[in-house]
Amino acid sequence: MRRPLIAGNWKMNGTRASVRTLLDGLLSGISSIKNADVAVCVPYVFIPEAAQLLAGTAIAWGAQDVAKEESGAYTGEVSAGMLKEFGCRYALIGHSERRSYYGDSDAVVAQKFVAAQKHGVTPVLCVGELLAEREQGQTEAVVERQLAAAVKIAGIAAIAQSVIAYEPVWAIGTGKTATPAQAQQVHAFIRNWLAAHDPATAQSVRVLYGGSMNAANAAELLSQPDVDGGLIGGASLKVDDFLNICRAAG
Ligand code: 13P
């Protein structure tokens with residue numbers, strides 16, 4: 001019922017040449033993936049290239065952030081309207097790297113969520129705890145706080161038009177993946193928390209796992225009942241690895 005989504009987060013990687021090679025490689029393998037949606041979230045400057053190469057294909061493209069403002073004197077920012085004009089289907093919102101290095105607070109993340117949706121760009125709301133928070137038994141409280149901030153500003157109905165990504169910060173780029181059971185536990189928590197507000201939204205929204213997901217561990221993570229896909233960092237930069245993760249999903 002929930003169609004899996006595998007999304008690559010390229011982060012700040014790539015050159016004009018490598019982007020073309022990577023996308024060409026993905027396009028040549030995408031026809032074998034029938035039962036999953038596939039997307040790549042690329043650095044802003046590569047969005048026009050992605051739009052050109054991916055238009056009319058089964059691979060969607062998106063951005064890794066978005067401004068909370070509409071337009072104006074916000075040097076360095078890129079608006080949701082601009083992303084829409086270049087065909088972005090998704091924008092990552094509240095990735096842990098944005099939260100920790102650039103100070104994106106829960107409130108700012110919620111405003112970005114609203115800004116994306118206003119222009120028809122689907123926000124991929126990233127949530128997840130730090131290692132210290134997990135060790136202190138705070139995982140659910142942290143995830144709840146991050147979700148609640150978005151629900152407070154956007155409303156529960158808006159969550160149905162979004163994607164949630166659970167990314168335990170200690171698993172990002174570390175090679176240390178959450179076990180399938182650890183992932184499932186938090187994913188179920190997220191779905192139950194949403195269900196308390198609106199059962200239909202909770203059933204329909206896709207909750208992706210992110211954090212050192214790779215071709216070797218994807219199948220087991222994706223087989224968990226509340227894991228509806230993956231948000232892939234490092235492994236999304238390698239054609240074969242990313243395609244194999246997509247195959248594991250469908
Ligand atoms: P890695 O897959 O490199 O751990 O990154 C995960 C991530 O941050 C995706 O947004």
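Ligands are counted one by one from 1 in listed order, and the atoms in each one are counted from 1 as well.
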*asked:* Does only the side chain of N9 get under 4.0 Å from ligand 1, or the backbone, or both, or neither? Count heavy atoms.
replied: side chain
*N or O pair under 3.5 Å between E167 and ligand 1*: yes
*Of the protein's non-hydrogen atoms, which lies at the shortest distance from atom 5 (O) of ligand 1, and what is that distance?*
K11 NZ, 3.3 Å
*Interatomic spacing from CD1 in I47 to SG in C88 - rounded to 0.5 Å*: 4.0 Å
*Using a strict cut-off of 4.0 Å, indicate which atoms of ligand 1 neighbour a heavy atom of H95.*
7 (C), 8 (O), 9 (C), 10 (O)
*asked:* I'd like to check whether A235 has a polar contact with ligand 1, where a contact means an N/O of the residue lying under 3.5 Å from an N/O of the ligand.
replied: no
*Assign the ring pair Y166 / H187 to parallel, tilted or perpendicular, where the plane angle (0 to 90°) is split at 30° and 60°.*
perpendicular
*Any non-hydrogen atom of C41 lying under 4.0 Å from ligand 1?*
no
_Can you confirm, on distance only, whether ligand 1 has an N/O atom lying under 3.5 Å from any N/O atom belonging to G234?_
yes
*Without hydrogens or angle criteria, can the side chains of H119 and E85 be said to hold a donor-acceptor pair below 3.5 Å?*
no
*Do side-chain atoms of S162 reach the backbone of V124 as a donor and acceptor pair under 3.5 angstrom?*
no
*Could you verify whether a donor N or O on one side chain and an acceptor N or O on the other, from Q146 and D106, lie under 3.5 Å apart?*
no
_Which of the ligand 1 atoms, numbered from 1, are nearer than 4.0 Å to a heavy atom of G211_ = 4 (O), 6 (C)
_What I want to know is whether E97 and ligand 1 share at least one N or O pair that is separated by under 3.5 angstrom._
no
*Based purely on interatomic distance, does G233 place a nitrogen or oxygen under 3.5 Å from a nitrogen or oxygen of ligand 1?*
yes
*Below 4.0 angstrom from a heavy atom of G173, which ligand 1 atoms are there? Numbered from 1 as shown, please.*
1 (P), 3 (O), 4 (O)
*Is there a path from V109 to L83 through hydrophobic residues (I, L, V, M, F, W, Y) whose side chains come within less than 4.5 Å of each other?*
yes
_For D104, the option from R99, H95, K112 that meets side chain to side chain donor-acceptor pair (under 3.5 Å)_ = K112
*asked:* Would you compute the distance between atom CD of E129 and atom CZ of R145 and round it to the nearest 0.5 angstrom?
replied: 11.0 Å
*Report, in ascending order of atom number, the atoms of ligand 1 lying under 4.0 Å from any heavy atom of S212.*
1 (P), 2 (O), 4 (O)
*Would you call E77-K68 a salt bridge at under 4.0 Å N-O?*
no
*If you measure from each non-hydrogen atom of A171 to ligand 1, which part falls under 4.0 Å: side chain, backbone, both or neither?*
backbone
